[in-house]
Amino acid sequence: MTLSLLVAYSVALLLACATPGPAMFAVISTGISRGISAALGFVLGVAIGDIVLVSVALAGLVAIAQSFAWVFNVIKFAGAAYLMYLGYRMWKSAGRSQELSEPESVSPIRQIAVGAAVGLGNPKAILFHASLMPLILNVATLTAADIAIVLAVVFSVNATVMGIYAILASASSSWFRSTKAIRILNKTAGGAMIGTGVLVAVRS
């Protein structure tokens, strides 16, 4: 695999990751309402989920993955339900006075799991990777080292793009200090999280 092919694949992947979607909206909502740590945990889960999907595509298991699409659907609905639950809690807490500088503590493992569920909950992503790779990479000649590099690129691009969203969202939350601003913020973030859960659930 040449450097030019790797750069071309990285750029294509970067553009795909930067495109607005459920993962991006969930990361932003989490960063605003729960802080940078929770958002970065979510980002890590999304990146791990995409690595799994890319591994499936590289292994040529697309047909098998399509046959067991129900597994991805279960993961998808579980992740969507949890996102809607989080959104509901945020919405319900919108009327409470709270210090935004001290976001509610959440389990990092839980955030990673939810992020991975969102990432894995889109079986079509396997088809995306399976159709993109042959156009840019010579899959037939990929060595183990090449595959490791591809997976590292996938993880890095996902973590970087989503991490930037997480950092910006978390930083913007510091602008809201008054009780009224916090109430508006929680309602907005809660509604966005519920909407993201619905979007994940209905996405085919």
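These values consider heavy atoms only, across backbone and side chains, with no hydrogens, waters or symmetry-generated copies.
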Locate the shortest heavy-atom distance separating [X] from [Y]; write the atom from each residue and the value.
X	Y	result
Val27	Met162	CG1-O, 3.5 Å
Ala18	Met24	O-SD, 4.5 Å
Leu120	Leu53	CD2-CD2, 3.9 Å
Phe42	Ala23	CE2-O, 4.2 Å
Val157	Cys17	CG1-SG, 3.9 Å
Ala159	Ala47	N-CB, 4.4 Å

For [X], which residues count as a side-chain contact (heavy atoms from CB on, under 4.5 Å) partner, sequence neighbours excluded?
X	answer
Leu40	Ile36, Ala166
Ala8	Ile136
Ser156	none
Leu151	Ile51, Val54, Ser55, Leu58, Ile147

Exercise. Any side-chain heavy atom of Val43 within less than 4.5 Å of one from Tyr165?
Worked result: no
Exercise. Looking at side-chain heavy atoms only, is the closest gap between Val154 and Tyr9 below 4.5 Å?
Worked result: yes
Exercise. Could you give the distance from CZ (Phe155) to OG1 (Thr160), rounded to the nearest 0.5 Å?
Worked result: 9.0 Å
Exercise. For Asn158, what residues pass the side chain to side chain donor-acceptor pair (under 3.5 Å) criterion, not counting sequence neighbours?
Worked result: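 If we apply the side chain to side chain donor-acceptor pair (under 3.5 Å) test to Asn158, skipping adjacent residues, the hits are Asp50.
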